[in-house]
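Every value quoted in this text rests on a predicted model; they were computed, and no experiment measured them. Counting convention: from 1, in listed order, for ligands and their atoms alike.
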Amino acid sequence: MNEKSDILTQIQSIASVLIRTRRFNELEALIREGQALTIVGAEPHCIALEGQTGVGKTTLLKSYANKFPAEQSQLGLIWPVFYVLTPSPVTVKAMVSSMLEQLGDPAPYRGTLPHLTSRLINFLIRCEVKLVILDDIQHIIDVDRDRIVYSVSDWLKYIIKESGVAFVIVGITGKVSRILDANSQLSRLFAFREELRAFHWRPEIQDDSETLDYVSFVLSVEKELNRPFSDQITRTELLKRLHYATGGVIANLMNLLRYAVYIAIKDNSDQITLAMLEYAFNRRLSAHMKGRSNPFAASVGTTFVAEGYNYTNSPESTGRRVKGRQERPASLSKTLTS
Ligand SMILES: Nc1ncnc2c1ncn2[C@@H]1O[C@H](COP(=O)(O)OP(=O)(O)O)[C@@H](O)[C@H]1O
Ligand SMILES: [Mg+2]
């Protein structure tokens, strides 16, 4: 392979890297359970997942759905897990037609609403769909009027009950619960309420699982992208600065680190240096992070202090944790020194 195509391959591999945190695995196991418990005729096991933008909800759910692709069998199309985006602006008709279209219905816009709905239910049953993932459910809230489009949430309740298929509904923190709170019959179907949060950084708390998730996420990025961070500053100092730079949000972390690795590849450096992070922050994050100062500009040997910054800025989880499924976190001090 020549040098140029080697660089291209490396850059492409940065774009596609997927990192599985403890929380990622935990949510995946919960969704798998919902899917497994879908039994014809029984009330399905539905899950509501909330999280702020960029914490990795869509990535998690798409990667899950990709494990169960549609297959043509002798009996027709079998489609165990079906991922769909909530259309915007949403109406019942837009919703049902968009689902039918994605399931390959030849005439998804033709027919009356009851007719389209019963076609969708038949499709779900015939294709043996066990789980529907409905992303960006906050579109059910009409932003102009700040009102829930109740007809859609009611239709959703009807589809779940009639088809017996488990649904995972996904959306922005606060909005999913608002939709459920406004419709008690729909709410009753969603026994599992989960939240995917930005990483926390609180090294003073021993074995804090969310801090450990963060620490191991950064380690995995280094490993997957094949570029370690230079040891110009301690690991603790690095993690603190990275958190300030990104708010602990995966999308920001990946945005910053992918760019830093891209610079490292171009510079033919086998490490990510502070200067690369400083440059990457300026190029990729500073506008988005609302003029936040560049934490990587603080010189080597100094301790970066972020006045008033909260390293656990996301609200406390209201989601129920499933006991017995959590992996035991490794000791934080061990992870930091390894
Ligand atoms: N587990 C992950 N591993 C690597 N990158 C991720 C992961 N989750 C999210 N990302 C990155 O963050 C970006 C935003 O994630 P996304 O799933 O769209 O967030 P959300 O749906 O919560 O807004 C993705 O495009 C991807 O680059
Ligand atoms: Mg998303």
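- A pairwise comparison of heavy atoms in Phe123 and Gly104 identifies CZ-C, 4.4 Å as the closest pair.
- With hydrogens left out, the protein atom closest to atom 19 (O) of ligand 1 is Gly56 N, 3.2 Å, a heavy atom.
- Distances from atom 25 (O) of ligand 1 to the protein include no heavy-atom value under 4.0 Å.
- Considering CG of Leu156 and NZ of Lys161, their distance stands at 12.0 Å, rounded to 0.5 Å.
- Between the side chain of Glu224 and the main chain of Leu18, no donor-acceptor pair closer than 3.5 Å is present.
- Protein N, O or S atom count below 2.8 Å of the Mg ion (ligand 2): the structure gives 1.
- The closest side-chain heavy-atom distance from Asp142 to Val90 is not below 4.5 Å.
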Between Arg241 and Glu278, does the salt bridge (charged side-chain N to carboxylate O under 4.0 Å, His left out) criterion hold? Intermediate values first, please.
CA-CA 11 Å; Arg241 294 189 191 190; Glu278 182 183 349; over 6 Å; no
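- Applying the 4.0 Å criterion to heavy atoms of Val55 picks out, from ligand 1, the atoms 19 (O), 22 (O).
- By the 3.5 Å distance cut-off applied to N or O atoms, Lys57 is counted among the residues near ligand 1.
- Counting only non-hydrogen atoms, the option in Asp136, Leu61, Thr59, Leu257 that gets closest to atom 16 (P) of ligand 1 is Thr59.
- Looking from atom 4 (C) of ligand 1 to the surrounding protein, the closest heavy atom is Val17 O, 3.4 Å.
- Residue contact check: Ile19 has heavy atoms under 4.0 Å from atoms 1 (N), 2 (C), 3 (N), 4 (C) of ligand 1.
- From Ile169, atom CD1 reaches atom CD1 of Ile133 across 12.5 Å, with rounding to the nearest 0.5 Å.
- Under the 30°/60° scheme for interplanar angles, the aromatic rings of Tyr64 and Phe68 are found to be tilted.
- Closest heavy-atom approach to atom 23 (O) of ligand 1 within the set Ala251, Ala198, Gly54: this belongs to Gly54.
- Using a 4.0 Å cut-off between charged side-chain N and carboxylate O, Arg178 and Glu50 make no salt bridge.
- In summary, Arg197 and Asp213 do not engage in a salt bridge, as defined by a charged side-chain N under 4.0 Å from a carboxylate O.
- You'll find the ring centres of Tyr214 and Phe217 outside the 6.0 Å limit.
- Ranking the protein heavy atoms by distance from atom 21 (O) of ligand 1 puts Thr58 OG1, 2.8 Å first.
- Neither the backbone nor the side chain of Leu60 comes within 4.0 Å of ligand 1, counting heavy atoms alone.
- The option from Arg258, Met254, Glu50 that lies nearest to atom 27 (O) of ligand 1, judged by heavy atoms, is Arg258.
- Between Phe82 and Trp79, the ring planes are perpendicular. Angles over 60° get that label, and only those under 30° would be called parallel.
- Scanning all protein heavy atoms for the shortest distance to atom 6 (C) of ligand 1 gives Ile250 CG2, 3.4 Å.
- By the 30° and 60° cut-offs, the orientation of the rings of Tyr244 relative to Tyr309 is perpendicular.
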